[in-house]
Amino acid sequence: MIIVKDLSIERSNKKIFENVNLSVGSGKIILLKGKNGSGKTTLLKAILNLIEPSSGAIYWKGKLLRRNLYDFFSQVTFIADKTSSLSKLSVHENINIWKKFFLSNISNSQIENILKTLKLDIYLNQKVNSLSLGETKKLEFLRLIIENKKIWILDEPLSNLDDESIDLIGQTFEDHRSKEGSIIYSSHQESEINVSEEVLL
Amino acid sequence: MIIVKDLSIERSNKKIFENVNLSVGSGKIILLKGKNGSGKTTLLKAILNLIEPSSGAIYWKGKLLRRNLYDFFSQVTFIADKTSSLSKLSVHENINIWKKFFLSNISNSQIENILKTLKLDIYLNQKVNSLSLGETKKLEFLRLIIENKKIWILDEPLSNLDDESIDLIGQTFEDHRSKEGSIIYSSHQESEINVSEEVLL
Amino acid sequence: MIILNKIISFYYREYKLNLSGFQDILTNIVFFFVSIFIFIFSIGPEKEKISILGIGIVWTLLLLSSTLSLRKFYQDDFENGNLLIMHLNGFSFGSIAILKTFSHFLFVQIPFLISIPIASVLLNIANDKLMYLFASFALGSFILSCLGSISSSMNLMNQRNFLLGSIIVMIFSVPIIIFSVGIINMEENFNSLISILFGILLIVFAINPWASGFCLKLSIENN
Amino acid sequence: MIILNKIISFYYREYKLNLSGFQDILTNIVFFFVSIFIFIFSIGPEKEKISILGIGIVWTLLLLSSTLSLRKFYQDDFENGNLLIMHLNGFSFGSIAILKTFSHFLFVQIPFLISIPIASVLLNIANDKLMYLFASFALGSFILSCLGSISSSMNLMNQRNFLLGSIIVMIFSVPIIIFSVGIINMEENFNSLISILFGILLIVFAINPWASGFCLKLSIENN
Amino acid sequence: MKFLVNPSKFNEIADYIFKPVLILSIILFAIGLLFSFYLSPDDYQQGSTVRIMYVHVPSAWLALLTYAIMTLYSVLALAFRLPFGFIFNTAVAPIGAVFTLICIISGSLWGKPMWGTWWVWDARLTSVAILFVIYLIIIFMNLSFENRIIREKVVAIFILVGSVNLPIVKFSVDWWNTLHQPATISKLSKPSIDPSMMTPLIIMTFAFIMIGIAIAILRIKTEIISRKSYLS
Ligand code: HEM
Ligand SMILES: Nc1ncnc2c1ncn2[C@@H]1O[C@H](COP(=O)(O)OP(=O)(O)OP(=O)(O)O)[C@@H](O)[C@H]1O
Ligand SMILES: Nc1ncnc2c1ncn2[C@@H]1O[C@H](COP(=O)(O)OP(=O)(O)OP(=O)(O)O)[C@@H](O)[C@H]1O
Ligand SMILES: [Mg+2]
Ligand SMILES: [Mg+2]
């Protein structure tokens, strides 16, 4: 559905990458790899139309992405490399805000289940800034479930997590794939997630 | 030099860990492992006397750490799981501030060398907030060199880095060990760093 | 219907955030009253003097305290990435600007509006002037919110010099102050002055989504 | 000697952070003057009116600027972990509080102090009052810096019961401002009032490292 | 006239005229000072304080003129996409600010003996003060924005908006009844000023203009160079 064609990006007159080609179909999991500074985050942001490419183009459902932006956005969840939960509020409050904000129709029991599998259920009333780093990261994944979109764009989702959590994320990815969803994510870590394609930047 | 004896920590009446024993001698590299939320960060902070233990004690050079705190601090560099460089200033300005602030006698050419091996030399005049995540992390390591202390306490130093950078960090650790320095760090990742002891929380 | 729902969802979030920062609202109000006390003490207790100066004082304090809250306008949401999330949730940058402007009006200016009657008692402002004060303030404070949106979105890119944004807002608000205070002091001209003020409001309101949206886009791109 | 060096290093850092250059101090001053403009526009240009209010205006702006900059006091350094780094570099929490208070005084209040003579020309403040204004301002602004330190360190903990921290401090500053303004308006009592002010300063200065240091410690522990 | 909008042409011409302009300005200044201190009479009302006029009025005119030209260049830059406009504005704003400051300081010095106070809040003085703040904002924006391409556009728009203030400065004395001297020299009909005062005033005005041009040339050239290095 997303097709990236000959994409090159410059920032401050410095080439970051050139001629990247990529296509994200439904049911596909794509892993971006590359050294630090190779442009993984930049590429993900370009796919979100946040960075103007210096040449090349990105298509969504056959049309130029730029022309069809909000249709694309309505099907995408993005998790950046920094967490976005509000650190002064509790886990519970954050979840509530997300639920309302994304007009989510996920039931409370579903959310409780996920919290339980992520082992976050005991922290419901704790402030986010007293969670451990990994727990904050796991909390962020809840947005994927709450937003309930088809395309997930994730920047370094696996860092700071223990092996058990990484397996859980892997399962979630499989689930999503089996529901014809697609995922594009970046990572430095080896993991057992079964990806459809690896792109080296 | 640092001895942690039967340390237990509670937060908000919740046990985080119990009866942890640990000793950090010179020339030792100690790796903390454990699941998310197992208390690695908490332990490191307790060693820095930032968290009151509910039982047990920490000793520094045979004396209670609390009684000898600033002597201990004068030999410690701590890198937290979040970076501390000032995102609105450039790499160069950050380094200058650190150099002045830590009254460092590291020569400029030494710093340049390190910047070169970390591949950060081309970003000297770039604002930190436009660096990639891994680059910001690597920049943080410069503090270890600039502060030039004997004991390094590092919270998840290896996350978000590519393999090459991890190797570099490994070498730096070896160098430090060979100079009788000691390191205690936490990590979720497997790496080729040759540790003296692994502690599972 | 979906759009309406989305807007409601936006304000639910703003409401939650601003209430957790309830102390900021309170601080604004307390600042307002403390400054009124300062003025009363520096003027001395004579009633007539106070009531002559009252309206000017109210207006300046309102302006100053809304510049106080400029930093909250976009900065927090920008830094923790929530501005981007809003955008990806289907709000164009321009519409974010409009919604945020209303939210600023709601959570920062309205509390002032509410405290005006109390202030006017302290400052001995005649009851018949109160209505004019209200009218001019309702318009003027909305203009200030729009100007605040523009300048604080500009400041996201500037990042170094926080006060510069406040200065720009203040320079632009000079004519607003002159007209608004004029409304109250020259009641005969009420209608013509209020329509000038309304004209300014329309212009600023029309510019706001373009200017702020543009700056928001640029600063998110460069983050 | 090492201690002196450390203190200098501390201020070097503060300087670099607070002012990415001399222009930032200038911006502070320009902000001050533009706010004076605003006051004058809303009050009207008559000389007597202005000179009645002059002292009140100067003090309000002082209060405003210290509230405006409260967020910079500890928040930024706290969030990016630099407060902890300072502590680990050998500064006890109490000494961090003292140094930060002086830094706030130096980089935020002193620029005001310098621009008072020019402001007093614009505000038509009589020359013989200027000296009193200076004296009361120098003391008062330092007290405000101390109070600011306490309240913003309380705010770091952001627990519900400390929600009112900043407001309590603002209310605290009311008597100080009243005294200071009083000093200028009742010149006969100058000596006794200035010694009261000085007494308050000593008390607040003595409390500051304990109170702020305690809050800093708690909030770093809980972060 | 291409050199007025084209950086490389400007550089060529500037190299030619810089020295003559500088020398001319020094000469004019010398003559002007001579005239204003020795060869012009005291005013029958104001005594010798009238000599402040020879600094005050030219600097006031140039403060306004500089801003007017900057407005013009903003239009050129925004509407006709001539980047030289941005270069010019960045370079020249501080010069205008200095002229305004000289005007304000000399005016206050004059005001103390004439009106008995350094400052009054009449319309002209106020609008000049605002003009000064506008200049400062332009300078600060130029210093503190990171992204140059955005910065110069924002600044240009700000200059355009701020130009509303110009007619207020100029005509405030006619529109409102204020303390400040109404137009006596710059009246379109016959100036109501004595020729013996007119001569030094004109000479000083030209001296100010020449100095302004000389500094502007220097600043524009450095600005062009700094941009070139930025691009390459
Ligand atoms: C700080 C105070 C003052 C400021 C900011 C100021 C500003 C200005 C400005 C902007 C102009 C140029 C107006 C134009 O081009 O039409 C001007 C002209 C002039 N000013 Fe002032 N002025 C100040 C004080 C004074 C004082 C105290 C006097 C004398 C009593 C004075 C006498 C004049 C005269 C004679 C002119 C020439 C008017 C003409 O023929 O156009 N100014 N001033
Ligand atoms: N505004 C900018 N100006 C100049 N260079 C920039 C700018 N923004 C980013 N860069 C550079 O672009 C490169 C790519 O950054 P990006 O964040 O995409 O890397 P990444 O692959 O995500 O790395 P990491 O694995 O460390 O997260 C980096 O070297 C960064 O310094
Ligand atoms: N103030 C607090 N009140 C209650 N619980 C707390 C508090 N602070 C931390 N915790 C809990 O203590 C546990 C240990 O946190 P810590 O940050 O030490 O974990 P960690 O081992 O570093 O995990 P990670 O690998 O995710 O970084 C977490 O479960 C966290 O929720
Ligand atoms: Mg990245
Ligand atoms: Mg941790």
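Convention: sequence-line order gives letters A, B, ...; per-chain numbering from 1. Hydrogens, waters and symmetry mates play no part in the numbers below; they use all other heavy atoms, side chains included.
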**OP:** Measure A:K138 against the heavy atoms of chain B and call it side chain, backbone, both or neither at under 4.5 Å.
**Re:** side chain
**OP:** Please tell me if the side chains of A:Q126 and B:K14 come closer than 4.5 Å, counting only heavy atoms from C-beta onward.
**Re:** yes
**OP:** Examine whether an atom of B:K137 lies under 4.5 Å from a heavy atom of chain A, and if so say whether it belongs to the side chain, the backbone or both; otherwise answer neither.
**Re:** neither
Original post:
Crowded around B:K150 NZ? As in, over 12 foreign heavy atoms under 6.0 Å?
Top reply: yes
Original post:
Just wondering, more than 12 heavy atoms not from B:K61 lying within 6.0 Å of its NZ?
Top reply: yes
Subject >> Segment of B:K119 engaging chain A (4.5 angstrom heavy-atom cut-off) >> reply: side chain
**OP:** Measure across A:H188 and B:D163 and return the closest heavy-atom pair with its distance rounded to 0.1 Å.
**Re:** O-OD1, 4.4 Å
Original post:
Is the backbone of B:N160 close enough, under 3.5 Å, to the side chain of A:N36 for a donor and an acceptor to pair up by distance?
Top reply: yes
Original post:
Is it the side chain or the backbone of B:S165 that comes within 4.5 Å of chain A heavy atoms, both, or neither?
Top reply: side chain
Original post:
Top residue by heavy-atom pair count (under 4.5 Å) with chain A, among B:E135, B:K33, B:E190?
Top reply: B:E135
Original post:
Out of curiosity, A:S159 OG to B:Q189 CD, how far, rounded to the nearest 0.5 Å?
Top reply: 8.0 Å
Original post:
So with a 6.0 Å cut-off around NZ of B:K28, is the heavy-atom count from everything else above 12?
Top reply: no
**OP:** Supply the atom-to-atom distance B:S132 OG to A:I16 CD1, rounded to the nearest 0.5 angstrom.
**Re:** 9.5 Å
